[in-house]
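One-based numbering, in listed order, for ligands and for the atoms of each. Source: prediction; values computed, not measured.
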Amino acid sequence: MAGKLRIAVFASHGGSNLQALIDGCVSGQIAGEIVLVISNNRKAYALERARIHQVETLVISDMEFDSETAFAQELLSQLAAHSIGLICLAGYMKKMPIDVIRAYRNRILNIHPALLPKFGGKGMYGIHVHEAVLAAGEKETGVTIHVVDEVYDNGRILAQRRVQVNPDDTPESLQQRVLEIEHQLYPETVAKIASGELRLE
Ligand code: GAR
């Protein structure tokens, strides 16, 4: 692949997956560069992580716009201005506007802390996913990286990795073990895309 893949990361909270992606680029594991971090939440620690690594940050919230179209237009103009080739959602707790999904078809990834199609969809984010896994008495859970399409948590699955559920797990202990796997699987998958080993069509 010619040149480095230019990546934008969308994150709403702590940004530990953003950190794993930054580290993957800095170490050379990923033949890419995180050039933009966008958050809907100006207090997100993800923004601080980006600043520490001299990555440009933007706070763009749907609440500031009269319509989804206007929100999408602002995102699209920023993504174009930064020549973004790949968008990684990393704990982004907002629905990506349809116009952005269409403009970046097969170029938006999401990480989900369960084995989709199980434990996906509305309300299934963050700690709620792990609570639901434990309530269902699952023996295993895991991590999914998928392409984002118009239907929530639905697009093509690119990678999955299993995590065992222990009898004494709490939602928090399970979340912690799943996160450790997220931090491996997201950079690995983005590295394969950046090198051309994994094709998104
Ligand atoms: C991660 O566990 C990610 O998989 C999850 O939010 C957490 C963000 O953590 N995403 C979802 O639940 C999306 N439905 P981070 O801010 O430390 O990367």
Task: Sub-4.0 Å atoms of ligand 1 with respect to non-hydrogen atoms of Glu182 - done: 1 (C), 2 (O), 3 (C), 4 (O)

- [ ] Among all protein heavy atoms, pick the one closest to atom 14 (N) of ligand 1 and tell me residue, atom and distance.
- [x] His112 ND1, 3.3 Å

Open item on the list: Please verify the inter-ring angle class for Tyr92 with Phe10; under 30° counts as parallel, over 60° as perpendicular, anything in between as tilted.
Closed with: perpendicular

Task: Shortest non-hydrogen separation from Gly120 to Met124 and the atoms involved - done: O-CG, 3.5 Å

Open item on the list: Show me which atoms of ligand 1 lie under 4.0 Å from any heavy atom of Leu179.
Closed with: 2 (O)

TODO: Identify, by atom number and element, the atoms of ligand 1 in contact range of Met124, meaning under 4.0 Å from any of its heavy atoms.
DONE: 14 (N)

Task: Backbone N/O of Phe119 and side chain of His112: donor-acceptor pair under 3.5 Å - done: yes

Open item on the list: With the threshold set at under 4.0 angstrom, would you say Ala11 reaches ligand 1 through any of its heavy atoms?
Closed with: no

Open item on the list: For ligand 1, which is the ligand I care about here, please tell me if Val129 has any N or O atom under 3.5 Å from one of the ligand's N or O atoms.
Closed with: no

Task: Nearest-0.5 Å distance that lies between atom CZ in Arg6 and atom CD1 in Ile84 - done: 6.0 Å

Open item on the list: Regarding atom 6 (O) of ligand 1: of the candidates Gln19, His130, Gln175, Met93, which has the closest heavy atom?
Closed with: Met93

Task: atom 8 (C) of ligand 1: nearest protein contact (heavy atom, Å) - done: Gly91 CA, 3.6 Å

Open item on the list: His130 vs Thr141, test: side-chain hydrogen bond (donor to acceptor under 3.5 Å, both in side chains). Steps then yes/no.
Closed with: CA-CA 9 Å; His130 307 293; Thr141 181; 5.3 Å; no

Open item on the list: Among all the protein's non-hydrogen atoms, which is closest to atom 17 (O) of ligand 1, and how far away is it?
Closed with: Ser16 OG, 2.5 Å

- [ ] From atom 13 (C) of ligand 1, work out which of Val9, Leu18, Ile111 has a heavy atom at the shortest distance.
- [x] Ile111

- [ ] Could you find the nearest protein heavy atom to atom 11 (C) of ligand 1 and give me its residue, atom name and distance?
- [x] Pro113 CD, 3.6 Å

Task: Ring centers of His183, Tyr186 separated by less than 6.0 Å - done: no

Open item on the list: Below the 3.5 angstrom mark, is there an N/O of Asp153, backbone or side chain, next to an N/O of ligand 1?
Closed with: no

Task: Option passing side-chain contact (heavy atoms from CB on, under 4.5 Å) with His146 (candidates Leu116, Leu89, Leu109) - done: Leu116

Open item on the list: Which of the numbered atoms in ligand 1 are under 4.0 angstrom from any heavy atom belonging to Gly14?
Closed with: 16 (O)

Open item on the list: Go through it in stages, so that I can follow the logic: the residues are Ser12 and Asn40, the test is side-chain hydrogen bond (donor to acceptor under 3.5 Å, both in side chains), and I'd like the CA-CA distance, side-chain angles, deciding distance and then a yes or no.
Closed with: CA-CA 6 Å; Ser12 298; Asn40 57 299; 2.7 Å; yes

Task: Residue, atom name and distance, where the atom is the protein heavy atom closest to atom 12 (O) of ligand 1 - done: Gly126 N, 2.9 Å

Open item on the list: Run the side-chain hydrogen bond (donor to acceptor under 3.5 Å, both in side chains) test on Glu74 and Gln78 for me, step by step, so that the C-alpha distance in whole Å, both residues' side-chain angles and the decisive distance to 0.1 Å come before the verdict.
Closed with: CA-CA 6 Å; Glu74 175 61 13; Gln78 292 294 350; 3.2 Å; yes

Task: Taking atom 16 (O) of ligand 1 as the reference point, the nearest protein heavy atom with its distance - done: Gly15 N, 2.8 Å

